[in-house]
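Remarks on the structure that follows.
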Amino acid sequence: QVQLVESGGGLVQAGDSLRLSCAASGRIFSPYAMGWFRQAPGKEREFVAAINWSGGRMTYSDSVKDRFTISRDNAKSAVFLQMNSLKPEDTAVYYCAAARGGIIPLGQQEYNAWGQGTQVTVSS
């Protein structure tokens, strides 16, 4: 019954920054880990970043490490993805997802709720 809605996507140039937000509403279960995924046209959905319930543990894919930062505000039922030094290969639809339990899941199949996505386009 929980709903996740992403926002903050847009069209930017290489080197620019964007901050994505994901707001949860409805019946919100807790604790829950949160993750960000992305999918480019013709490609599989891939993992981007994840954060545990307490916010003390973060995991990133090698392609975004040192450029992206995931954070959360449990009081506002929100998770964020700060994206810096964007590259054309970052172009994709970005999805947020929630997983029951406070520990970061091993795979995306462990996530129980998904948003509808927000488009990020990076031009060269």
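By convention here, the first residue in the shown sequence is residue 1.
Sorted by first and then second residue, the pairs that involve residues 36-115 and meet disulfide bond (SG atoms under 2.5 Å apart), not counting sequence neighbours, are Cys22-Cys96. A disulfide bond (SG atoms under 2.5 Å apart) check over residues 45-78, counting only residues at least two apart or in different chains, returns nothing. Listed by first and then second residue, the ring pair (Phe, Tyr, Trp, His ring centres under 6.0 Å) pairs involving residues 40-90 are Tyr32-Trp53, Phe37-Phe47 (not counting sequence neighbours).
More than 12 heavy-atom neighbours from other residues, nucleotides or ligands sit within 6.0 angstrom of CD on Gln109. Heavy atoms from other residues, nucleotides or ligands lying under 6.0 Å from CD of Gln116 number 12 at most.
Residues meeting the side chain to side chain donor-acceptor pair (under 3.5 Å) test with Ser85, sequence neighbours left out: none. Judged as a side-chain contact (heavy atoms from CB on, under 4.5 Å), and not counting sequence neighbours, the contacts of Gln82 are Ser17, Arg19, Thr69, Asn84.
The two atoms that bring Arg100 and Asn112 nearest to each other are N-OD1, 2.8 Å, heavy atoms only. In terms of heavy-atom proximity, Glu6 sits nearest to Gly117 at OE1-N, 2.8 Å. Between Ser71 and Val79, the shortest heavy-atom distance links the atoms O-CG2, 3.1 Å. Contact record, Ala14 with Pro88: CB-CD, 4.2 Å, taken as the closest heavy-atom pair. Val122 approaches Thr91 most closely through the heavy-atom pair N-OG1, 2.9 Å. When all heavy atoms of Ala33 and Tyr111 are compared, the closest pair comes out as O-CE2, 4.5 Å.
No option in Met83, Gln119, Gln39 other than Met83 meets the side-chain contact (heavy atoms from CB on, under 4.5 Å) test with Tyr94.
Atoms CD and OG, from Gln13 and Ser124 in turn, are 9.0 Å apart once rounded to the nearest 0.5 Å.
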- Item | Derivation and outcome, side-chain contact (heavy atoms from CB on, under 4.5 Å), residues Ser63 and Arg38 | CA-CA 12 Å; Ser63 62; Arg38 66 186 183 186; 3.4 Å; yes
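Under the 4.5 Å side-chain heavy-atom criterion for ILVMFWY residues, no single connected hydrophobic cluster contains both Ile70 and Tyr95. Linking ILVMFWY residues whenever their side-chain heavy atoms come closer than 4.5 Å, directly or via other members, places Met58 and Val48 in the same cluster. With hydrophobic clusters built from ILVMFWY side chains whose heavy atoms lie under 4.5 angstrom apart, Val2 shares a cluster with Met34.
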Check residues 101-108 and write down every donor-acceptor pair under 3.5 Å in which the side-chain atom is one partner and the other belongs to a residue at least two apart or another chain.
residue : atom : partner : partner atom : Å
Gln108  : OE1  : Arg45   : NE           : 2.7
Gln108  : OE1  : Arg45   : NH2          : 2.9
Gln108  : NE2  : Arg45   : O            : 3.3

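In terms of modelled atom types and a separation under 3.5 Å, the side chain of Asn52 and the main chain of Gly55 share a donor-acceptor contact.
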